[in-house]
Amino acid sequence: MSRLLRLALLPLLTGLIAACSSAAPAPPADSPSPAAVESPAPSPAADPGPRQYRPLGTSAGIPTTAADPAFEPLPGARASYGILGRAAYRIEIPDAWNGDLVLYAHGFAGFGTEVSVQNPPRELRQALIDRGYAWAASSYSENGYVPGIGADDTLALKRQFEAEFGAPARTYLIGASMGGNVVALALEHHAGEYDGGLALCGALGGIEQIDYLVSWVALAEYFSGLRFPIGEPGADLTGIFLTRLPVLLGTPQRPTEAGRRFASAVKYLTGGPRPFFAEGFAEQYLVNFGLAMVDPERKLLVTRAATNEDHVYAIDPGLGVSADQLNAGVRRFAPDPAARNADAHPDAVPTSGNLSAPLLTLHNTGDLFVPISLEQSYLQKVRAAGKSDLLVQRAIRAGGHCQFSSQELLTAFDDLVRWVRDGVRPAGDDLSGDLTDIGRQFTNPIRPGDPGGVN
């Protein structure tokens with residue numbers, strides 16, 4: 001098994017590491033996202049002018065090239081595309097435009113030096129055009145985990161759309177995975193720019209997404225008994241994760257005793273017992289070590305900002321390790337205060353929950369790349385900010401990351417539009433408590449094998 005995994009993962013990891021190691025020296029830590037400091041396209045004459053915002057993203061200083069954004073429009077629509085700053089963009093506008101715009105924010109695209117535009121999911125794109133909505137998407141000016149740059153470049157694209165086609169009547173923001181972090185940042189920092197947001201499998205917690213991956217690695221270290229050379233000069237974790245760790249923890253299907261303990265702690269780290277946890281755990285078992293393999297010395301901004309210092313871990317009883325022992329023994333990784341600094345790096349800190357417009361979210365119960373526990377955390381922050389009326393969350397009973405049916409996607413979008421346009425707040429799930437049987441109301445269709453592994 002380890003040989004097959006090595007063959008499957010090493011080409012990807014080698015490419016990612018090469019992209020990072022061959023990069024030009026990074027600029028000072030407070031360098032803003034390039035797209036954020038460029039002058040936006042002029043607004044219509046009747047407008048008092050676009051509001052200016054401080055940049056949310058920080059450039060890594062890595063030279064990038066933009067892939068050709070040219071694309072064929074769907075029947076009944078026309079295409080516009082080009083380069084804006086260092087980002088490529090696409091716009092598709094139906095011949096019978098209803099006056100509304102949807103901006104699509106893509107997820108994590110690796111660490112390569114070529115940026116490219118991603119269209120909205122196929123069924124959503126077709127529905128948007130059929131229903132008269134224009135859509136636009138940016139490649140972002142850099143790859144990596146860069147939600148602030150994504151938010152800055154998406155706002156710049158909104159300005160470009162306004163200059164080319166006029167101000168839309170309403171603007172919706174849809175983001176998937178890291179794009180969900182883009183949505184949260186935009187609704188928290190760019191008040192008045194967006195009328196509503198839809199986050200799909202979204203990393204709504206901000207840097208909490210990377211904190212989670214730190215916890216994943218720390219738990220594997222504790223239960224395996226190994227010592228990972230994380231943060232040490234010249235550290236190389238690839239051989240440890242792909243060869244030694246599977247021997248000590250086993251596989252998801254055939255875990256060792258240490259592997260069963262690891263799975264139990266991960267279960268509670270990611271939201272507790274729930275449908276399809278086992279399937280999601282198997283899918284992400286080695287993938288979630290990827291960031292540590294790419295940046296074992298913790299040099300990237302997001303890894304320097306990440307921490308598990310304050311996390312309280314849990315584990316099932318009867319496994320030979322108590323929660324107290326686990327919390328006392330697991331290694332804690334401290335953040336770099338200069339990196340985890342809201343003034344210098346607004347996207348390298350947890351999100352605030354201070355929403356400025358309605359936000360509807362969809363999340364798979366068995367997503368272990370961006371776990372549903374981040375939805376629970378965001379719910380707490382929104383409540384603390386006094387914005388509970390602006391958040392609706394829905395759980396979808398499925399394993400994997402961003403695994404939604406066309407019915408689930410389109411129903412969510414239609415409900416968001418109705419909420420924004422007519423003031424009809426849609427129904428949702430209560431994710432604040434037990435998730436053991438969550439998601440029956442909005443899962444469509446019920447997946448084969450439901451309810452999946454809840455333990």
Side-chain angles (χ1 to χ4, degrees), residues 1-13 108 177 201 209 212-226 228 237-294 308 311 313-321 323 326 330 363-374 395-403 435-439 447-455:
M1 190 277 280
S2 61
R3 180 175 179 274
L4 291 176
L5 287 169
R6 184 186 293 274
L7 290 174
L9 292 175
L10 274 179
L12 170 63
L13 293 168
F108 174 70
S177 194
C201 49
Q209 168 64 27
Y212 159 65
L213 295 176
V214 168
S215 281
W216 184 283
V217 171
L219 289 171
E221 180 185 64
Y222 175 78
F223 289 115
S224 69
L226 296 173
F228 302 157
L237 297 170
T238 303
I240 294 174
F241 289 153
L242 298 185
T243 303
R244 297 179 65 190
L245 203 60
V247 173
L248 295 167
L249 297 183
T251 68
Q253 296 78 16
R254 295 183 178 179
T256 63
E257 182 179 358
R260 286 190 290 273
R261 293 169 177 171
F262 176 60
S264 176
V266 166
K267 177 178 63 180
Y268 290 104
L269 173 68
T270 57
R274 59 199 188 276
F276 291 100
F277 164 78
E279 290 79 355
F281 180 66
E283 180 176 289
Q284 295 300 134
Y285 194 58
L286 285 180
V287 177
N288 280 2
F289 294 105
L291 182 58
M293 283 191 273
V294 168
N308 67 332
H311 191 83
Y313 297 99
I315 190 169
D316 285 310
L319 292 175
V321 177
L326 170 58
V330 71
H363 219 104
N364 295 126
T365 56
D367 187 345
L368 266 76
F369 185 56
V370 179
I372 200 169
S373 55
L374 294 188
I396 303 300
R397 299 167 68 93
H401 181 52
C402 300
Q403 299 299 308
L435 303 183
T436 301
D437 200 36
I438 200 73
R447 308 303 197 261
D450 187 270
V454 296
N455 293 315

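Note that these values count all heavy atoms, side chains included, but never hydrogens, waters or copies made by symmetry.
When atom types are taken as modelled, the side chain of Thr243 and the backbone of Ile240 share no donor-acceptor pair closer than 3.5 angstrom. Side chain of Ser264 to backbone of Asp316: a donor-acceptor contact under 3.5 angstrom is found. Counting only distance, with no hydrogens or angles, the side chain of Asp367 and the backbone of Val370 share a donor-acceptor pair below 3.5 Å. Between the side chain of Thr256 and the backbone N or O of Leu248 there is at least one donor-acceptor pair closer than 3.5 Å. Checked by atom type and distance alone, the side chain of Asn364 pairs as donor or acceptor with a backbone atom of Cys402 at under 3.5 Å. Checked by atom type and distance alone, the side chain of Arg261 pairs as donor or acceptor with a backbone atom of Leu319 at under 3.5 Å.
A distance of 12.5 Å separates CZ of Arg397 from CZ of Arg274, quoted to the nearest 0.5 Å. Atom-to-atom distance recorded for Leu374:CG and His363:NE2 is 6.5 Å, nearest 0.5 angstrom. Expressed to the nearest 0.5 Å, how far NZ of Lys267 lies from CD1 of Ile315 amounts to 9.5 Å. With rounding to the nearest 0.5 Å, the separation of CG in Leu213 from CZ in Phe369 is 6.5 Å. Atoms CD1 and CD1, from Ile438 and Ile396 in turn, are 10.5 Å apart once rounded to the nearest 0.5 Å. How far OH of Tyr212 is from CG of Leu368: 4.0 Å, rounded to the nearest 0.5 Å.
Trp216 and Tyr285 have their aromatic ring centers separated by at least 6.0 angstrom.
When all heavy atoms of Leu219 and Val330 are compared, the closest pair comes out as N-CG2, 4.3 Å. For Ala292 against Phe241, the heavy-atom pair with the smallest separation is CB-CE1, 3.9 Å. Across all their heavy atoms, Ala314 and Leu326 have their closest contact at O-CD2, 4.1 Å. Ile372 and Thr365 make their closest contact through CD1-CA, 4.4 Å (heavy atoms, listed as atom of the first residue, atom of the second, distance). Nearest heavy-atom pair, His401 versus Ser177, reported as atom, atom and distance to 0.1 Å: NE2-OG, 2.8 Å. Closest of all the heavy-atom pairs between Arg447 and Gln403 is NH2-O, 3.1 Å.
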> When you look at Val217 and Phe228, which way does the side chain to side chain contact (heavy atoms under 4.5 Å, CB included) test go after all the steps?
Replying inline: CA-CA 9 Å; Val217 171; Phe228 302 157; 3.7 Å; yes
